[in-house]
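Notes for the one structure printed next.
Atoms within each ligand, like the ligands themselves, are counted from 1 in listed order.
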Amino acid sequence: MLALGIDFGTSGARAIALSEDRQVVAQGECAYSQQTPQIWQESLFSLLQQLPLDCRQQIDRIAINGTSGTVLLCDRAGQAIADPLMYNDDRGKSILPQVREVTPSHHSVNSATSSFAKLFWYDRHLQLLAPPYYFLHQADWLGFLLHGELGVSDYHNALKLGYDVQHLCYPDWLSLWVDGKANRIILPEVSAPGEAIAPVLPKLCAEYGFPTGCLVCAGTTDSIAAFMASGASHVGDGVTSLGSTLVLKLLSDTAVDDARYGIYSHRFGDRWLVGGASNTGGAVLRHFFSDRELDNLSRHIDPQQESPLDYYPLLGRGDRFPINDPNLEPRLEPRPEHPADFLHGLLESIARIESIGYQRLWELGASPLLQLYSAGGGAKNNQWTKIRQRHLSVPFRSPLHPQAAYGSACLALSSL
Ligand code: ADP
């Protein structure tokens, strides 16, 4: 009995098949430089093809994670009727004042990149002449290709659409808005991530060798799949992602939602996954140093010595978390003569911001941080890890697996 996890990330897709004791049995990957539904479809079937036949024949559950906030609008046959809107597409900013007339004030969907802003944009800019049209997240559409049920989602992907994860329903303002469209737009029905949705289509079972009882489960988002892959599972477990930006996620007994700081909570079983993202992070490091320089210069840093440099490393003005100030200026002065000292100041300062971030989550009502996993490109920097340990004073744990596909496979396993 095996479970298959499939991850559609920002630059490529990956599949990992797991045994019941969470051992990796097989994997596949493919990169894409462009994103269209056709490329997603080809990638999905290429991943399945890459798995050995005897592996496919033992797969009982499949779960897919898509990139959070990547969405598309389809006709009743499941064909995309326009280009998908990617996670970072902010064309919604042109219609934000109109979006705000529909949504409650301070709601997290009041952002140019929210899924609701994208749906609103589709509604304003496309000619919807042959309704109904199905609004789907990337993971929903990929799941549809496997099980054939159109209009099914999960409450992780649906959060940015405005789905109420406290009460497990669409809120009145969103239902009213859709009702006003006179059945032109259909929102997906929302399941719990990992819940079995439907069997794999018979023609795909015949083509790829999946057993007839193989079920496709409701999926999740890329960052939650990465959280699950880390092995974090207890209240107080945090995962810091040191990628282009600094992203904090903390498993908490209580939910925290504070639009001022861009903090929102995903439902995670009977707990909450509280998240906050700062604009500081690896993109600022990359602005000054190549990855090789980061590696080499870091070796000259004594991590036990605190750098006196107090920066707020940003590429442009403004941050929301942990300091909510749209006019916050990048602070990158004074600049020491030696590049290793400059880098030390940057790493030290990002570590301070990370520590303030977890403190902020706690002040706003989340459970306290008890232990930490690290992910992303900066996690491999040992000196930085030691600097961060000085600031955070909690045990650091090694992630179980670095790939989000592993997390999705764990999600699929959980429904066995
Ligand atoms: P993303 O997926 O968000 O683009 P990644 O997880 O791939 O990011 O990480 C890339 C980031 O990691 C880059 O911004 C880079 O500055 C940073 N990075 C790479 N190597 C190091 C290093 N040795 N020390 C610190 N940061 C690093």
Ion pair present between Asp295 and Lys380, side-chain N to carboxylate O less than 4.0 angstrom? no
Going by the atom numbers of ligand 1, which of them fall below 4.0 Å from some non-hydrogen atom of [X]?
| X | answer |
| --- | --- |
| Leu285 | 16 (O), 25 (C), 26 (N) |
| Gly376 | 6 (O) |
| Ser244 | 1 (P), 3 (O), 4 (O), 8 (O) |
| Gly378 | 12 (O), 25 (C), 26 (N), 27 (C) |

I'd like to know if the side chain of [X] pairs up with that of [Y] as donor and acceptor (distance under 3.5 Å, no hydrogens or angles considered).
| X | Y | result |
| --- | --- | --- |
| Gln383 | His300 | no |
| Thr220 | Asn65 | no |
| His137 | Ser153 | yes |
| Thr385 | Gln389 | no |
| Thr240 | Tyr358 | yes |

Using the six-membered ring of Phe342, assess whether NZ or CZ of Arg335 lies under 6.0 Å from its centre and within 45 degrees of the ring axis.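 Verdict for Phe342: a cation-pi partner in Arg335.
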Take atom 26 (N) of ligand 1 and look for protein heavy atoms under 4.0 Å from it; say yes if you find one, no if not.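 Yes, at least one protein heavy atom sits under 4.0 Å from atom 26 (N) of ligand 1.
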Give a yes or no on this: more than 12 heavy atoms of other residues, nucleotides or ligands lie within 6.0 Å of atom CD of Glu189. no
Nearest protein heavy atom to [atom], by residue and atom, and its distance?
| atom | result |
| --- | --- |
| atom 12 (O) of ligand 1 | Gly377 CA, 3.4 Å |
| atom 20 (N) of ligand 1 | Lys380 NZ, 3.4 Å |
| atom 24 (N) of ligand 1 | Asn381 ND2, 3.0 Å |

Between Ala283 and ligand 1, which part of the residue brings a heavy atom under 4.0 Å of the ligand: side chain, backbone, both or neither? backbone
Could you check which of Asp295, Leu242, Asp291 puts a non-hydrogen atom nearest to atom 15 (C) of ligand 1? Asp291
Please confirm whether [X] comes within less than 3.5 Å of ligand 1 when only nitrogen or oxygen atoms on both sides are compared.
| X | answer |
| --- | --- |
| Gly282 | yes |
| Thr245 | no |
| Ser298 | no |

Min side-chain heavy-atom separation Arg388-Leu372 under 4.5 Å: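 Of all side-chain heavy-atom pairs linking Leu372 with Arg388, at least one is under 4.5 Å.
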